[in-house]
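To start, the structure itself, in structure tokens.
First listed ligand is number 1; within each ligand, the first listed atom is number 1. Just so it is clear, the model here is predicted, and its values are computed rather than measured.
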Amino acid sequence: MSARGFLFAFIVLACPGLFLAAGQETTPPAKEVTFNHDVSRILNKNCVVCHRPNDIAPMSLMTYKDAHPFAKLIRDDVVARKMPPWHADPQVGEFLNDPRLSDADIATIDAWFRTGAKEGDPRDLPPTPAFSQGWHIKPDIVLTIPELTVSGATQDAYEYIYVPTNFTEDKWVQAAEVLPGDRRVVHHATVSVIAADKVAKKEEERSKSDAGVDKYHYRTGKVLHLRPEAPVVDDGCSYPTGGGVPGESSGYLNIVPGIYLPGHLAETRPPGYALRVPAGSYLQFQVHYSNHTSDDVKDRTSIGLVFAKEPVKHEIAQYEIWNNLFLIPANDDNHRVTSCYTLPQDVIALAYTGHMHFRGKSMVVEAIYPDGRHEVIMNIPHYDFRWQETYFLKHQFLMPKGTKLVTTAYFDNSSNNPQNPDPSKAVRWGEPSNEEMMGFWLQFADPRLVDGSAGLARK
Ligand code: HEC
């Protein structure tokens, strides 16, 4: 038997599971697989973006010394497609930022592990990828909030901080990344654009102890909750608002250059599409702090912006669509909640994000077009709070005015859900992460060409 034939037989016999797990047959690599020649290239391309010192992953995979102790875990996680993380159903939609490995790369990593996880010839080692510390993009500008102390006692707090851009002309943002100052306490951070003349009013509203409190909401400290007497609507689609509290639509428009969510790195929009940050405007940092350490922790969260380098054709904004009235009973392991929203204008669909908290289990979004056609546009079959990716469409497409977006989510409020903070509690909408949310966000662009003056119809 030739060496190649032997290796093939060895892999097939030693690892029948691989071919089942990968779902189809793969061609095993022809010669000896080493870290330096083969595996490092795969890790550099697909893993070290997170697996490098001081980033979100628990260990670095930059060097042989770093990676070798994890050879088996690496093999197991890539064969099971747990790594790199990706939670959208591959059968529904094609996405630009889909990081899933090819079957050939998975076979290479498997073969490497099976043949002793060898280092190989140092001359084969590709150059180490260069990174700027912390960032996953190369920002043209970084805007940072003033230092804020999150006291050890803080369970959950939403802070609103307004940072002037000092832009003297309109800027077009292509890519952005929100970088937490201290990941131990920053649960999420949404950065939106706000006009300078609105800042004072917003700050005044926020400074009141009853900010956000109304007929349907009450406040404890710096977070809002739904009042228990608010109507219970699980099937938002059967309710006049589609899932919003009475008198409010389920969907609203927001201009969000960047967001930090668990497992969410930078957002890079396709060429020709960008967000407008008008001259003189401010960025509102909505930072959700949650300090589970007993110490006071200082934070300075930043946003890095990359400006469009080529002509912008279409301006980006976002519809955020919610059910805010659901009630998930205690111990219910499969609770269904829906929301419905009908697009008030033509949009070009760019990207999707699903947002729930620890009890979120799955989310499906269906578009019902004005011509009656139905299409499932996003499916997250196994939602995981720790991985809230934004899925950027490979092929942007027109969603006409009148398209109805039907979101169906399931929640697991039982003890089978290892992330569940408390199965004995019924939960409703609330800002703290141990309460729930049910949101679908559509990042879109205005189909009308940017001509320098026309902007989006910001209703
Ligand atoms: C988007 C960031 C990201 C990327 C890309 C990524 N990882 Fe991870 N990885 C993480 C984080 C965060 C964890 C820890 C949390 C978890 O296990 O869910 C992790 C955990 C792991 C673990 C388990 C460690 C343990 O101790 O259990 C392995 C093995 C691993 N990653 C390998 C890889 C490999 C191999 C790749 C590339 C093919 C990769 N990862 C790509 C972020 C990432």
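Salt-bridge annotation for D446 and R276: absent, with no side-chain N of the basic residue lying under 4.0 Å from a carboxylate O of the acidic one. A salt bridge is absent between R300 and E147; no separation between the charged side-chain nitrogens and carboxylate oxygens falls under 4.0 Å. A salt bridge links E32 with K118; the closest basic N to acidic carboxylate O contact falls under 4.0 Å. Using a 4.0 Å cut-off between a side-chain N of Lys or Arg and a carboxylate O of Asp or Glu, D412 and R359 do not qualify as a salt bridge.
Close approach to N46 involves these atoms of ligand 1, each under 4.0 Å from a residue heavy atom: 5 (C), 37 (C), 41 (C). Those atoms of ligand 1 with a heavy atom of V49 less than 4.0 angstrom away are 5 (C). Less than 4.0 angstrom separates some heavy atom of L73 from each of these atoms of ligand 1: 25 (C), 26 (O), 27 (O), 29 (C). Atoms of ligand 1 lying under 4.0 Å from any heavy atom of P58, numbered from 1 in the order shown and given with element: 11 (C), 13 (C), 14 (C), 19 (C). Near I74, with a cut-off below 4.0 Å to any heavy atom, the atoms of ligand 1 are 29 (C), 35 (C). Short contacts between ligand 1 and I56, defined as distances under 4.0 Å to a heavy atom of the residue, involve ligand atoms 2 (C), 12 (C). When each atom of ligand 1 is checked for a heavy atom of D77 under 4.0 Å away, the hits are 22 (C), 23 (C), 28 (C), 29 (C). Every atom of ligand 1 is numbered from 1 in the order shown, and the set under 4.0 Å from a heavy atom of W387 is 10 (C), 11 (C), 12 (C), 18 (O), 42 (C).
At a heavy-atom distance under 4.0 Å, no atom of I42 approaches ligand 1.
Within the structure, ligand 1 has M59 among the residues with a heavy atom less than 4.0 angstrom away. Within the 4.0 Å heavy-atom shell around ligand 1 one does not find P99.
Looking at every heavy atom in both residues, L350 comes nearest to P270 through CD2-CG, 4.4 Å. Across C237 and T338, no two heavy atoms sit closer than the pair N-OG1, 3.2 Å.
With atom 16 (C) of ligand 1 as the reference point, the heavy atom nearest to it among R75, R100, M83, E389 is part of M83.
Among the backbone and side-chain atoms of H51, an N/O/S atom is found under 2.8 Å from atom 8 (Fe) of ligand 1.
Both the sub-6.0 Å distance and the 45° axial angle are not jointly satisfied by K361 relative to the ring of F411. For R52 and F131, the positive end sits near the middle of the six-membered ring, less than 6.0 Å away and at most 45° from its axis.
Ranking protein heavy atoms by distance to atom 43 (C) of ligand 1, first place goes to C50 CB, 3.4 Å. Ranking the protein heavy atoms by distance from atom 37 (C) of ligand 1 puts C47 SG, 1.8 Å first.
Counting non-hydrogen atoms of other residues, nucleotides and ligands closer than 6.0 Å to NE2 of H292 gives a total above 12.
Side-chain N or O atoms of D156 include none that pairs as donor or acceptor with a backbone N or O of S290 at under 3.5 Å.
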